[in-house]
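All values derive from a computational prediction rather than experimental measurement. Residue numbers start from 1 in every chain, and the chains themselves are labelled A, B, ... in the order their sequence lines are given, proteins ahead of strands.
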Amino acid sequence: METSIIISGFGGQGALFAGQVLAHAAMESGKEVTWIPSYGPEMRGGTAHCTVVIGDEPIGSPLVRNPHCVIAMNLPSVDKYEPLVAAGGRLLYDSSLVKRPLHRTDILGVAIPAHDIALRCGSQQLVNITMLGALVTLCPLVELAAVEQALRIHLPERHAELLRPNILALHAGAAYIREQRIATS
Amino acid sequence: MARALWKGNEALAEAAIRAGVDAFFGYPITPQTELLEYMARRMPELGRVFLQAESEIAAINMVYGAACAGARAMTSSSSPGISLMQEGLSYIAGSEVPCVVVDIMRGGPGLGNIQPSQADYFQLTRSAGHGDFHPLVLAPATLQEAVDLMYASFDLAFRYRTIVIIAGDGALGQMMEPVEMPPMRPPAQDRPDWAVFGAKGRPPRAITSLYLDAEELEQVNQRLQAKLKVIAAGEQRWECYLTEDADYLVVAFGTVARIAKSAVRAARAMGVRAGLFRPISLWPYPSGMLGTLIAQMRGVLVVEMNAGQMLEDVRMAVCGRVPVRFLGRMGGVIPLPDEIAAEIVHMARTRQRGNGHGAQRLLQFKE
């Protein structure tokens with residue numbers, strides 16, 4: 001069984017980094033994983049996204065058309081991926097920025113005020129990790145502790161002062177899902 | 001050694017370092033540049049040679065020079081850069097010195113774009129330069145395989161005094177995957193008995209690709225061809241995936257092959273017994289094994305990120321015994337598992353209706 005996740009946002013929101021943290025956590029949890037970024041022209045100013053595939057067997061395709069889970073950190077990402085999420089899948093979006101309702105009824109849309117949560121944790125730069133905390137609480141991909149450990153190891157040294165806020169944001173994202181009593185599976 | 005998450009380009013660089021590369025010469029080009037950047041950091045730390053040349057033409061000629069001196073020399077580039085290297089590659093082949101080249105292919109022709117492609121297949125396997133020669137071309141599908149092939153490439157290059165090309169694409173270069181790195185081997189201490197590095201105390205040697213006498217050059221060519229025959233017989237590599245009970249065979253290499261694995265699983269879930277034949281060596285092409293597999297198949301689907309290049313090798317191996325269909329995406333578009341699976345299922349249904357022979361000539365491109 002493979003689970004595919006797309007993380008998408010504006011360039012600079014840390015979509016690729018959040019995907020790498022998830023990939024590291026998956027590998028350290030003994031799982032197979034691939035991470036593949038968008039590295040083409042869309043990197044230059046538009047949206048950036050990465051695809052992470054996690055499984056128990058070696059991963060076949062690192063790319064999917066219909067991901068099981070999507071983290072959408074801006075409106076263009078919701079517009080792009082809402083039609084593509086696999087039926088029964090999950091679309092986590094930043095409801096601080098995205099005000100429109102979702103159209104699909106066969107997926108679980110999860111509104112997370114990630115921008116507001118991130119600001120409370122210290123910086124709007126923490127939206128990506130806030131969303132990641134929500135994702136791994138909502139879907140049994142990897143343990144939250146494994147993600148925290150991946151952050152401790154892989155947050156670049158030049159951002160060392162951001163480690164504590166990142167861990168704060170990770171747990172705040174997780175807490176939001178638990179507090180809202182959103183059905184997890 | 002523990003697994004670690006590596007980016008493709010950097011994993012290739014580290015594997016080359018662990019294989020004992022003495023000297024790297026290159027010029028940056030997306031989507032390969034991280035390989036060069038990694039070498040720029042690591043090679044000086046290890047006291048080895050890293051040099052960013054003024055162009056790909058200079059880089060390959062530096063590789064030529066270092067290789068003549070017996071060094072484990074390599075370069076890496078992406079499609080347009082490989083085109084620039086063709087003259088040097090031909091000189092290296094004509095001089096029979098070993099080297100390793102990495103091509104992280106991108107969309108073409110021309111400047112094209114920086115997205116993944118497999119459209120250098122003909123260039124790498126058929127015409128890596130003027131004159132009669134073939135490099136040994138290896139196409140990894142996973143980062144672990146990329147590392148393992150890279151690690152073996154210098155031994156192969158030196159065993160046959162030939163060019164070894166690692167043929168990847170932008171997806172392989174840019175993606176991350178867990179890799180177990182092989183142990184660090186020190187650079188070789190002894191220089192080969194053909195290398196030129198000063199003749200003090202021994203008769204001089206010469207390395208050249210210039211033979212003005214036609215009969216002498218024909219003899220050189222015959223020797224080269226004899227060597228290529230040995231490589232062709234001994235260095236075919238492939239993987240068979242779920243082929244034992246398969247009725248329909250997908251043939252794909254590199255990144256497309258791993259995508260096709262997902263498609264084969266999906267097709268099986270839809271009731272079509274599909275399998276995958278994945279050539280790992282593109283030259284020599286594993287024609288014998290493919291020809292044997294064909295006997296049990298009712299149809300073949302070739303999938304590539306080009307207009308149908310390996311397709312010709314498949315057709316030669318199949319010899320008209322089974323209908324061959326083709327699915328190609330070009331310009332940097334990557335075929336996804338669902339469209340490959342749909343093509344497999346379509347092939348099976350078409351075949352069952354008895355229209356199989358019509359499909360043999362069908363070249364299908366997606367918009």
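The shortest non-hydrogen separation linking Pro337(B) to Leu63(A) is CD-O, 3.7 Å.
Between atom CD1 of residue Ile59(A) and atom OG1 of residue Thr142(B) there is a gap of 11.5 Å, rounded to the nearest 0.5 Å. Atom-to-atom distance recorded for Cys50(A):SG and Gln174(B):CD is 13.0 Å, nearest 0.5 angstrom. Going from atom CD1 of Ile36(A) over to atom OG1 of Thr255(B) covers 7.0 Å, rounded to the nearest 0.5 Å.
A 6.0 Å sphere centred on CD of Glu45(B) holds more than 12 heavy atoms belonging to other residues, nucleotides or ligands. Atom CD of Glu57(A) has 12 or fewer heavy atoms from other residues, nucleotides or ligands within 6.0 Å. Under a cut-off of 6.0 angstrom, the local environment of CD in Gln180(A) is crowded, with over 12 non-hydrogen atoms contributed by other residues, nucleotides or ligands. In Arg65(A), the CZ atom is crowded: over 12 heavy atoms of neighbouring residues, nucleotides or ligands sit closer than 6.0 Å.
The candidate with the highest count of non-hydrogen atom pairs below 4.5 Å against chain A, out of Met175(B), Arg258(B), Lys7(B), Lys261(B), is Arg258(B). Note on Met176(B), Gln144(B), Arg265(B): by heavy-atom pairs under 4.5 Å with chain A, the leading option is Met176(B). Across Gly8(B), Ala4(B), Ala257(B), Ala263(B), the residue that shares the most heavy-atom pairs under 4.5 angstrom with chain A is Ala4(B).
Heavy atoms closer than 4.5 Å to chain B are found in the backbone of Val64(A), but not in its side chain. For a residue to count as touching a neighbouring chain, one of its non-hydrogen atoms must lie under 4.5 Å from one of that chain's; by this rule Pro116(B) touches chain A with backbone and side chain alike. With a 4.5 Å cut-off on non-hydrogen atoms, Leu5(B) touches chain A through its backbone and its side chain both. Both the backbone and the side chain of Gln20(A) come within contact range of chain B, with heavy atoms under 4.5 Å apart.
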Step by step, would you call Glu32(A) with Glu177(B) a side chain to side chain contact (heavy atoms under 4.5 Å, CB included)?
CA-CA 8 Å; Glu32(A) 297 291 339; Glu177(B) 195 168 25; 5.7 Å; no

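Of the possible polar contacts, one joining the Ser262(B) side chain to the Ser61(A) backbone as a donor-acceptor pair under 3.5 Å is found.
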